[in-house]
There are 2 protein chains.
Amino acid sequence: MEPGERIVIIKADGSLLVHRSTGYEPVNWMPGGNTFCSVQTKEQTLQIRVQRKRPAEAVNVIFDEIQFVASLILSDAGEFSLYASEEDMQKAVLLKPELLEERFKPIAYEKKVEPGFVDVYGEDKDGKFVVVEIKRRTAGKEAVMQLARYLEAVRGRTDREVRGILAAPGTGKDVLRTLAALGLEYKHLDPRKCAETITRVSTRKLADFLKGS
Amino acid sequence: MEPGERIVIIKADGSLLVHRSTGYEPVNWMPGGNTFCSVQTKEQTLQIRVQRKRPAEAVNVIFDEIQFVASLILSDAGEFSLYASEEDMQKAVLLKPELLEERFKPIAYEKKVEPGFVDVYGEDKDGKFVVVEIKRRTAGKEAVMQLARYLEAVRGRTDREVRGILAAPGTGKDVLRTLAALGLEYKHLDPRKCAETITRVSTRKLADFLKGS
DNA sequence: ACGTCGATCTCGAAC
DNA sequence: GTTCGAGGTCGACGT
């Protein structure tokens, strides 16, 4: 790679990004994860080497000149939202059924039906059965199909009316249309609110970050 | 998007990158190009808005707190290669035919033949005619086809042997194979060297950058 | 201008 | 672990 003035970012997970003055994509990079980073000075240059095992490859960055350096530790709320796993969201719905809808009564979770396990299974205010499929993040078509299969299985075992609800922080393209076409419903479910429901600790910490240290 | 400590980069082309402390991908972004950027302060926050027309969308960045700011102008060799337009590269080959090959003698440029205009037209050291197609960046299949058409046209007007040369800084996938299959040749032509040939000014500047100010 | 396709794709989730 | 599908994919190429 030819020399030029660049912005180099080394992240906490070992990711390396080399950016030019234009363009969305980095001109060179190394994804985070199984990376090993080493630094040395050599003939008036600073050399940084980042390598990984699989695939076996390495990126060497050679600094002839350094305009400025900054070292930061970023405290990011996003890392906390990782704490809201699909399991946490399930627990949250069980603890606070109104997150899903008013007067919803959970009956079972991880209930075995033919194709697999239903995330949450319950009863709505009118006594209709409700099958809930929960996704941690944007739900795609496969989530819809999963829900549809479970719904089919449950309907085969009862004469009562059965509703199917897909609960996720968002939906992919066409998912809402597909749901409507199959007579299914969508409910927005925020992973962060779910996390707050099962533990208040992380909220407190988040507030600290916003006020600054 | 939930708040957290981030690294925000606004590039010269209007690209916006918002990075977290981990991962290759930006957590939010706006590609460069048709973007319009505005800044305002509001209720103790700094707000940056970047929007584009097609697709119609915008990204708002709200700073509750700023750890540090840096404004840089990056002088990158890549930008200099922009200064070497296809026309410049053509001039460079005319001024310094050895950029293409030893003892190449240009006869005409932008010469009209049936399908359009041949970039450079000349004669090699053995007296064979040479048709040159120049591309300022990575040449794709369409460049090969263009060259092939011109070559066909020229061959129809002479009994002398005619060579076809594609000159570019690089080639796309399969282009070299296609060239070989059609009996055409490829010559690496560096836009930067072409730019240096037609004017020494930029070279001097680049050298300054590398040595530091 | 709009679709299709490749990428050092990256990034998860399912299996 | 490996494979598979999605992405606001981005960019390049073809029509």
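Remember, it's a predicted structure, so these values are computed and weren't measured experimentally. Just so it is clear: chains get the letters A, B, ... in the order the sequence lines come, proteins before strands, and each one is counted from 1.
Atom pair A:Q146:CD and D:dC4:C1' shows a separation of 15 Å (rounding to whole Å applied). Distance CG (A:N60) to C1' (C:dT8): 15 Å, rounded to an integer number of Å. Going from atom CE of A:M145 over to atom P of C:dA13 covers 21 Å, rounded to whole Å. Atom NE2 of B:H19 and atom P of C:dC11 are 10 Å apart (whole Å).
Among the protein residues, B:M30 comes within range of the nucleic acid bases, having at least one heavy atom under 4.0 Å from a base atom.
By the salt bridge (charged side-chain N to carboxylate O under 4.0 Å, His left out) test, B:K135 is found to be paired with B:E133, residues two or more places apart in sequence or in another chain being considered. For A:E152, there are no salt bridge (charged side-chain N to carboxylate O under 4.0 Å, His left out) partners at least two apart in sequence or on another chain. In this structure, the side chain to side chain donor-acceptor pair (under 3.5 Å) partners of A:R163, at least two apart in sequence or on a different chain, are A:E101, A:D124, A:E185.
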Footprint string (nucleotides 10-15 of chain D, 5' to 3'): B base within contact, S backbone only, - free, heavy atoms under 4.0 Å: SS--S-

Show me, pair by pair, the donor-acceptor contacts under 3.5 angstrom made by side chains of residues 9-18 of chain A, not counting sequence neighbours?
residue, atom, partner, partner atom, Å
A:K11, NZ, B:H19, ND1, 2.8
A:K11, NZ, B:R20, O, 2.8
A:K11, NZ, B:T22, O, 3.4
A:K11, NZ, B:G23, O, 2.9
A:D13, OD1, A:S15, N, 3.1
A:D13, OD1, A:S15, OG, 2.6
A:D13, OD2, A:S15, OG, 3.0
A:D13, OD2, B:G23, N, 2.8
A:S15, OG, A:G32, N, 3.2
A:S15, OG, B:G23, N, 3.4

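Salt-bridge check for B:E57 with B:R52: passed, with a basic side-chain N closer than 4.0 Å to an acidic carboxylate O.
Place A:V59 and A:K135 on DNA chain C by their nearest nucleotides, and A:V59 ends up nearer the 5' end.
Among residues at least two apart or in separate chains, there is no salt bridge (Lys or Arg N to Asp or Glu O under 4.0 Å) pair with a member in residues 33-51 of chain A.
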